[in-house]
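Below is one structure, written out as structure tokens; the observations come after it.
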Protein chains: 2
Amino acid sequence: MLNFSTSEENYIKAIFHLQQDVGPVTTNEVAHELKTRPASVTDMMKKLKIKKLLHYQPYQGFRLSSEGTKVALGIIRRHRLWEFFLAEKLKFTWDEVHEVAEDLEHVSNKKLIDKLDEFLGFPRVDPHGDPIPDMHGKIEISNKICLSKLPNHTPALVSSVSDHSSEILELLEHKKISLGSKLEIKRRFEFDNSLEIRMGRQPAFTISQQLAETIFVTSLLPLIQISEGKRNK
Amino acid sequence: MLNFSTSEENYIKAIFHLQQDVGPVTTNEVAHELKTRPASVTDMMKKLKIKKLLHYQPYQGFRLSSEGTKVALGIIRRHRLWEFFLAEKLKFTWDEVHEVAEDLEHVSNKKLIDKLDEFLGFPRVDPHGDPIPDMHGKIEISNKICLSKLPNHTPALVSSVSDHSSEILELLEHKKISLGSKLEIKRRFEFDNSLEIRMGRQPAFTISQQLAETIFVTSLLPLIQISEGKRNK
DNA sequence: AAATAAATTTAGACAAATCTAAAATATTCC
DNA sequence: GGAATATTTTAGATTTGTCTAAATTTATTT
Ligand SMILES: [Mn+2]
Ligand SMILES: [Mn+2]
Ligand SMILES: [Mn+2]
Ligand SMILES: [Mn+2]
């Protein structure tokens, strides 16, 4: 596999994340994500198209090609392994790891990363609960759902948190919620969409709508899938 | 302290190493070291002079300023800590660490490096025996001498090896010489400058002039300094 | 279906880092 | 000391990645 510049890698990674949502990724979305200008995005898209890393027709938005997806998964693998290393070995707090990993992810020596993976014991998820692609680019597709969509009285494990700030970390630590915590929703309040939660035998407590929307869980019971309409091509 | 580009850092580091020898560093020396062209070196020297990292007058060569030296020691600290990490934790062989560290050294997050240092147990030397600057930029000035200059019958410890190739590693492993090995010279042969060496109680063996010139040792006895003429300003 | 607004692309400029070729300076040798 | 040689610097291009401003295309209103 070829090598890509730091800048190219940042674009590829941004598109990978943005295309998790349905439909093609737009110029403005990428520009906003990378704090750059739409004109710069267009320039780079032309370049990545020539390198066959994405599909792109002017004015039509873009999606990564299968080759581009492979590259993206490599970058994400490096990013998340370094985040795990920083948290686990260097005792960085949760909110500090991302920024440093943004730089380390661009050191793309295959042997370095595979040995690091081994050294860390082949971790499955990073400190925020996001899955780490393996050395072949395979990534776990988890059946996470947002805590705000978990039915009442359904035990579940906290599996990831989509906000990586120190503010949410502070709140989660105060409420003693961490990855792997088992909880269930006892009650929902219509007024402010707050949730009453129980964890283990502790007394129940309340969490806000904002918090519930950033916590993702895996149910311990099979859930009846609430269809929300499939994405249409 | 400001941040510098990867390219600027590579020039600073090269000059630091080259100026260990006496006299100013020349344009051609740097160009050769960095596999670049003299014209590119001149361009960069102008830039680094403006940033007050070195002393430079056209045609007169250059030396790092005290500020430039500080920056260089920071880069060398990062480089050698990563080399130690790669060898010690990721089980890279001796000859593999340098190349990877060349990239990692440019990730210049102070907290990352200081925590890495702590995680590694504050190592004093890298896998080649070169001293690692501490978090304040302080570096051990060792009284290493080249094995080829060690007097006969003077016990000494192997403290560093100036060639980092796999070829020398292969030879050193075969002869069971490693950092910390205690040895002394029994005899010198004039014909080819080879040395007869004894390590511990093992039978004596011979090493070539080339090998002796890359091995550095610290004597276990105080040596009478053989003056070779001081550098003149 | 125009008119207006929004999104996107193009045109042209700029900074960083590199290069080749030519000019300027320093060094070496007779 | 002066010619020949080596080193270094300058001049001008090139590549990568970025930007602003203008032009183009698409989407949304009226
Ligand atoms: Mn991250
Ligand atoms: Mn993460
Ligand atoms: Mn090295
Ligand atoms: Mn080293």
Side-chain angles (χ1 to χ4, degrees), chain A residues 2-15 18-19 21-64 68 71 75 102-103 105-108 232, chain B residues 2-15 18-19 21-64 68 71 75 102-103 105-106 108 232-233:
Chain A
L2 288 159
N3 261 343
F4 301 98
S5 72
T6 293
S7 189
E8 289 171 328
E9 289 190 343
N10 284 334
Y11 279 96
I12 293 165
K13 188 168 59 125
I15 294 166
L18 290 169
Q19 74 181 12
D21 305 340
V22 291
V25 179
T26 69
T27 305
N28 271 353
E29 281 168 356
V30 175
H32 180 259
E33 177 80 8
L34 295 179
K35 296 179 177 53
T36 182
R37 295 294 173 176
S40 309
V41 176
T42 300
D43 286 347
M44 184 60 88
M45 293 309 100
K46 287 185 195 162
K47 200 172 137 193
L48 295 181
K49 184 186 181 177
I50 289 166
K51 294 192 176 189
K52 296 192 186 299
L53 295 172
L54 49 75
H55 303 295
Y56 164 54
Q57 297 295 59
Y59 298 99
Q60 303 306 125
F62 15 83
R63 296 191 76 82
L64 292 179
V71 174
I75 302 162
E102 282 294 298
D103 289 335
E105 72 186 5
H106 301 294
V107 178
S108 60
N232 40 19
Chain B
L2 289 159
N3 262 343
F4 301 99
S5 71
T6 293
S7 188
E8 288 170 328
E9 289 190 343
N10 285 335
Y11 279 96
I12 294 165
K13 189 169 57 123
I15 294 167
L18 290 169
Q19 74 180 12
D21 304 341
V22 293
V25 179
T26 68
T27 304
N28 272 354
E29 281 169 356
V30 175
H32 180 258
E33 176 79 10
L34 295 180
K35 295 179 176 53
T36 181
R37 295 295 175 172
S40 309
V41 175
T42 300
D43 287 347
M44 184 61 86
M45 293 309 101
K46 287 185 196 163
K47 202 172 135 193
L48 295 181
K49 184 187 180 175
I50 288 166
K51 295 192 177 189
K52 297 190 183 301
L53 295 172
L54 49 76
H55 303 295
Y56 164 55
Q57 297 296 56
Y59 298 100
Q60 303 305 127
F62 15 84
R63 295 193 76 82
L64 292 179
V71 174
I75 302 163
E102 282 293 299
D103 288 336
E105 72 187 5
H106 301 294
S108 60
N232 40 17
K233 66 160 148 180

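Protein chains get the first letters and strands the later ones, always in sequence-line order, with residue 1 at the start of each.
Closest to the side chain of B:T26, out of D:dT9, D:dT8, D:dT18, is D:dT8. For B:M44, the listed nucleotide lying nearest its side chain is C:dT18; candidates were C:dT8, C:dA11, C:dT18. Side-chain proximity of B:P58 to the nucleotides D:dT9, C:dT18, C:dA11 is greatest for D:dT9.
Between A:K13 and A:E33 there is no salt bridge, since none of the side-chain N atoms of the basic residue sits less than 4.0 Å from a carboxylate O of the acidic one.
In this structure, B:P38 reaches the bases: a heavy-atom distance under 4.0 Å links it to at least one base atom across the strands shown. Contact annotation for B:T42: base contact, defined as any heavy-atom pair under 4.0 Å involving a base atom. Among the atoms of the strands shown, base atoms are found under 4.0 Å from some heavy atom of A:S40.
Of the N and O atoms on the side chains of A:H106 and B:D103, not one donor lies less than 3.5 Å from an acceptor on the other residue.
Heavy-atom distances to DNA chain D give each of A:T6 and A:R37 a nearest nucleotide, and the one nearer the 5′ end belongs to A:T6.
An OP1 or OP2 oxygen of D:dT9 is reached within less than 4.0 angstrom by no side-chain nitrogen or oxygen of B:K46. The phosphate of C:dT10 (OP1 or OP2) has no side-chain N or O of A:Y59 nearer than 4.0 angstrom. For C:dT8, the OP1/OP2 oxygens have no side-chain nitrogen or oxygen of A:Y56 closer than 4.0 Å. Put simply, B:S5 has no side-chain N or O that comes within less than 4.0 Å of OP1 or OP2 on C:dA16. Checking the phosphate oxygens (OP1, OP2) of D:dT16, no side-chain nitrogen or oxygen of A:S7 falls inside 4.0 Å.
The two residues B:N3 and B:S108 come nearest to each other via the heavy atoms OD1-OG, 3.4 Å.
If you measure from atom CG of A:L34 to atom P of D:dT18, you get 8 Å, rounded to the nearest angstrom. The CZ atom of B:F62 sits 9 Å away from the C1' atom of D:dT8 (whole-angstrom rounding). As rounded to whole Å, 15 Å separates atom P of D:dT16 from atom CG of A:N3. Summarising the geometry, the separation between CG on B:N28 and P on C:dA26 is reported as 15 Å, rounded to the nearest angstrom. Rounded to an integer number of Å, the gap from A:D43 CG to D:dT15 C1' is 13 Å. The interatomic distance linking A:Q60 (CD) with D:dA27 (P) rounds to 7 Å, in whole Å. Here D:dC19 presents its P atom at 13 Å from NZ of A:K35, a figure rounded to the nearest Å. In this entry the distance linking CD of B:E8 with P of C:dA16 reads 9 Å, nearest Å.
Using a 4.5 Å heavy-atom cutoff, the side chains of B:I75 and B:F4 are not in contact. Side-chain atoms of B:Y59 and B:T27, non-hydrogen and from C-beta on, never get closer than 4.5 Å to each other.
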